[in-house]
Peer 1: 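Got a structure for you, questions after.
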2 protein chains.
Amino acid sequence: MNFTISEENYLKAIFHLQEKDGTVTTNALAEKLQTKPASVTDMMKKLSAKKLLNYKPYYGFSLSAEGKKIALFIVRRHRLWEYFLSEKLKFDWNEVHALAEELEHVSSKQLIDRLDQYLGFPQFDPHGDPIPDHKGKIKNVNKISLFDLPFNQMAEVLQVTNQSTEMLELLEHKNITIGTRLEVKKHFDFDHSVELKIKTTTLTISEQLAKNIFVTYEPGA
Amino acid sequence: MNFTISEENYLKAIFHLQEKDGTVTTNALAEKLQTKPASVTDMMKKLSAKKLLNYKPYYGFSLSAEGKKIALFIVRRHRLWEYFLSEKLKFDWNEVHALAEELEHVSSKQLIDRLDQYLGFPQFDPHGDPIPDHKGKIKNVNKISLFDLPFNQMAEVLQVTNQSTEMLELLEHKNITIGTRLEVKKHFDFDHSVELKIKTTTLTISEQLAKNIFVTYEPGA
DNA sequence: ATTATTTTTTAGGTTTGTCTAAATTTTAAA
DNA sequence: TTTAAAATTTAGACAAACCTAAAAAATAAT
Ligand SMILES: [Mn+2]
Ligand SMILES: [Mn+2]
Ligand SMILES: [Mn+2]
Ligand SMILES: [Mn+2]
């Protein structure tokens, strides 16, 4: 099966909305793809005719098993290119997405598998999102917001949800990056700010920042 | 200016035909792009309206200065990706072209300039074709077919024009690759085969093979 | 339970890039 | 120099992916 760039963009967008909100509406999809609801309906008919979507007019739609499988491969391509752009070409976090949005449509499976190998089979993209493997499978990692991390629990920064330049600047200044190991010492009741310990250094970050940082940990450690 | 994938493919194809044959015909272009002459004429009108082409109906067409400039940037992207695929992802010579045909349409100038830097500003693609620099300029190297190389003149293999698997196999067996330094010792009148010396080894190759290998040399050396 | 609002779909058009078949123009042959 | 052949362009259609405006269905508000 080969899909157009448009079909691929729709499949991926539906996948992401499904993941985030559980459900997808015509308007939400139109919004996400910067297009009009009428165009979305057109495409839903097309994708549904190709059995990539379960679709009942006025009832809504969701990816079929086949549709989800394809979406996962597009996500794989997107995230591997993001990793390449960030790791090898030294682009900033906030620059890689737009470029990957184009590169993801070069669909040779062999190309992507070789790229994966060349990059050393990375597990996460520069935003900390998991990269599906060559079978399209996403490894399940239990991640938790830094704000919800239990006290004195050593954890590792996995993902940063907000990717603005402003946030990047702040993280850089605080010396927090993906892979950083840290623990939460306490919460301040007044403004809910969070006290962290990184190695031997103690510092405080805002609630807002803490809620945008996701970490992973083994409850034993 | 931003161009569609189709427009880019046409511009590049016209550029190549111009280089090779000096002139381009509607039929030749249709042949090269696997499309129909009528479709070519349609596109010629479009590109000519965009001032990328000098076009007089029935008289023929050629790239304008602007059109040539754009074509050179597409060629740059194509060849840099080919180099990447070959050098970093270890694809064979004959596999890289098809993949680069898609990658070349990701048109971010910044991406390509960073890729160029990452690759160490390569001068030639895996087929020995020159890579235009970030200004779109092709460095002029005087190259000559191995068949036409003067006797006893040390030269370096630059380019292989036929890129079939069969030829690759033969070259590999003869230990000839891009960068190989060699000289021609004599031509045999019977079948026009060519005797070469590579380091201390002497070997013979066919006229057909010699005519597909291009070399460069400094007449002094 | 009506009425009003929002969401979604349909109807009818546009642009891009393609096609086939027919008409033109140029080039080659008789 | 007519006639035949080849090359090129035009005419008219079609699919993909959009759009706007109007209709239909589902939801929310009185
Ligand atoms: Mn995309
Ligand atoms: Mn990402
Ligand atoms: Mn191409
Ligand atoms: Mn090449």
Side-chain angles (χ1 to χ4, degrees), chain A residues 1-14 17-18 20-63 67 70-71 74 101-102 104-107, chain B residues 1-14 17-18 20-63 67 70-71 74 101-102 104-107:
Chain A
M1 299 293 135
N2 233 42
F3 303 98
T4 67
I5 291 176
S6 224
E7 286 171 335
E8 291 191 345
N9 283 335
Y10 273 93
L11 287 171
K12 186 163 67 94
I14 295 168
L17 287 174
Q18 249 179 212
K20 194 163 72 88
D21 307 337
T23 178
V24 199
T25 67
T26 303
N27 278 349
L29 190 48
E31 161 84 274
K32 176 143 202 167
L33 290 170
Q34 303 266 61
T35 184
K36 296 288 138 72
S39 308
V40 169
T41 301
D42 282 350
M43 185 58 93
M44 294 309 98
K45 285 188 209 159
K46 206 167 303 172
L47 293 178
S48 145
K50 292 192 179 185
K51 312 265 183 208
L52 303 174
L53 223 55
N54 308 111
Y55 174 53
K56 272 252 169 115
Y58 293 106
Y59 265 70
F61 46 82
S62 64
L63 291 175
I70 290 157
I74 303 166
E101 202 56 48
E102 293 194 54
E104 70 188 356
H105 302 293
V106 178
S107 62
Chain B
M1 299 296 139
N2 232 40
F3 303 97
T4 67
I5 291 176
S6 224
E7 287 170 335
E8 291 191 344
N9 283 335
Y10 273 93
L11 288 171
K12 186 163 67 92
I14 295 168
L17 287 176
Q18 249 178 211
K20 192 162 74 86
D21 307 337
T23 177
V24 200
T25 66
T26 303
N27 278 348
L29 190 48
E31 161 83 272
K32 178 144 200 165
L33 290 169
Q34 302 267 60
T35 182
K36 294 289 138 70
S39 308
V40 169
T41 301
D42 283 348
M43 185 58 92
M44 293 310 97
K45 286 188 209 159
K46 207 166 302 171
L47 293 178
S48 147
K50 291 192 180 184
K51 312 263 183 211
L52 303 174
L53 224 53
N54 307 110
Y55 174 52
K56 272 251 168 113
Y58 293 106
Y59 266 70
F61 45 83
S62 64
L63 291 176
I70 292 157
I74 303 165
E101 203 56 49
E102 292 194 55
E104 69 187 357
H105 303 293
V106 178
S107 61

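So you know, we letter chains A, B, ... as the sequences are listed, proteins then strands, and number each from 1. Please read these numbers as outputs of a predicted model, since none were measured by experiment.
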Peer 1: Given D:dT8, is OP1 or OP2 found less than 4.0 Å from the side-chain N or O atoms of B:Asn27?
Peer 2: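 Yes.
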
Peer 1: Going 5' to 3' along DNA chain C, which are the first and last nucleotides with any atom under 4.0 Å from a heavy atom of chain A?
Peer 2: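 Contact span on the strand: C:dT7 to C:dT10.
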
Peer 1: In this structure, are over 12 heavy atoms from other groups packed under 6.0 Å from A:Glu31 atom CD?
Peer 2: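 Result for CD/A:Glu31: open.
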
Peer 1: State which residues pass side-chain hydrogen bond (donor to acceptor under 3.5 Å, both in side chains) with B:Glu101; sequence neighbours excluded, sorted by chain then number.
Peer 2: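 side-chain hydrogen bond (donor to acceptor under 3.5 Å, both in side chains) list for B:Glu101, sorted by chain: B:Lys12, B:His97.
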
Peer 1: Could you pull out all residues at least two apart from A:Lys51 that satisfy side-chain hydrogen bond (donor to acceptor under 3.5 Å, both in side chains)?
Peer 2: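 Once residues adjacent in sequence are excluded, A:Lys51 has no partner under the side-chain hydrogen bond (donor to acceptor under 3.5 Å, both in side chains) criterion.
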
Peer 1: Give, ordered by number, those residues of residues 36-43 of chain A having at least one heavy-atom distance below 4.0 Å to an atom of DNA chain C; if nothing qualifies, reply none.
Peer 2: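 A:Pro37, A:Ala38, A:Thr41 - these, ordered by number, are the residues of the stretch whose heavy atoms sit under 4.0 Å from the strand.
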
Peer 1: Does any residue of residues 48-60 of chain A have a heavy atom under 4.0 Å from DNA chain D, and if so, which ones, in number order?
Peer 2: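 By residue number: A:Tyr58.
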
Peer 1: Tell me the interatomic distance from A:Lys45, atom NZ, to D:dA16, atom P, rounded to whole angstroms.
Peer 2: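 The distance from NZ of A:Lys45 to P of D:dA16 comes to 13 Å, rounded to the nearest Å.
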
Peer 1: Side-chain donor-acceptor contacts of residues 35-49 of chain B below 3.5 Å, not counting sequence neighbours, with atom names and distances?
Peer 2:
from	atom 1	to	atom 2	distance (Å)
B:Thr41	OG1	B:Pro37	O	3.3

Peer 1: Apply side-chain contact (heavy atoms from CB on, under 4.5 Å) to A:Thr25 and list each qualifying residue two or more places apart in sequence or on a separate chain.
Peer 2: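 A:Thr25 satisfies side-chain contact (heavy atoms from CB on, under 4.5 Å) with A:Asn27, A:Ala28 once adjacent residues are dropped.
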
Peer 1: Please list, chain by chain and in numerical order, all residues satisfying side-chain hydrogen bond (donor to acceptor under 3.5 Å, both in side chains) with B:Glu102, sequence neighbours excluded.
Peer 2: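 B:Glu102 satisfies side-chain hydrogen bond (donor to acceptor under 3.5 Å, both in side chains) with no other residue.
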
Peer 1: Tell me the closest heavy-atom pair linking A:Ala71 and A:Leu63, and the distance in Å.
Peer 2: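 Where A:Ala71 meets A:Leu63 most closely, the heavy atoms are CB-CD1, 4.1 Å.
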
Peer 1: Round to the nearest Å and state the distance from A:Asn9 atom CG to D:dA16 atom P.
Peer 2: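 Rounded to the whole Å, the gap is 17 Å.
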
Peer 1: So which heavy atom on A:Glu104 is nearest to which on A:Asn9, and how close?
Peer 2: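 Nearest heavy atoms, A:Glu104 then A:Asn9: OE2-OD1, 3.3 Å.
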
Peer 1: Identify the two heavy atoms, one from A:Gln18 and one from A:Val24, that lie closest to each other, and give their separation to 0.1 Å.
Peer 2: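 Looking at all heavy atoms of both residues, the closest pair is CG-CG2, 3.7 Å.
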
Peer 1: Could you tell me whether A:Phe61 contacts a base, only the sugar-phosphate backbone, or nothing, with contacts defined as non-hydrogen atoms closer than 4.0 Å?
Peer 2: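 Touches nothing.
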
Peer 1: With sequence neighbours left out, what residues match A:Ser107 under side-chain contact (heavy atoms from CB on, under 4.5 Å)?
Peer 2: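 A:Asn2, A:Glu8, A:Arg77.
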
Peer 1: Are OP1 or OP2 of D:dC18 and a side-chain N or O of A:Ser6 less than 4.0 angstrom apart?
Peer 2: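 Answer yes for this pair, as a side-chain N or O of A:Ser6 is under 4.0 Å from OP1 or OP2.
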
Peer 1: Hey, could you give me the CG/CD1 distance between B:Leu33 and B:Ile14, rounded to the nearest 0.5 Å?
Peer 2: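 Reported value, rounded in 0.5 Å steps: 8.0 Å.
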
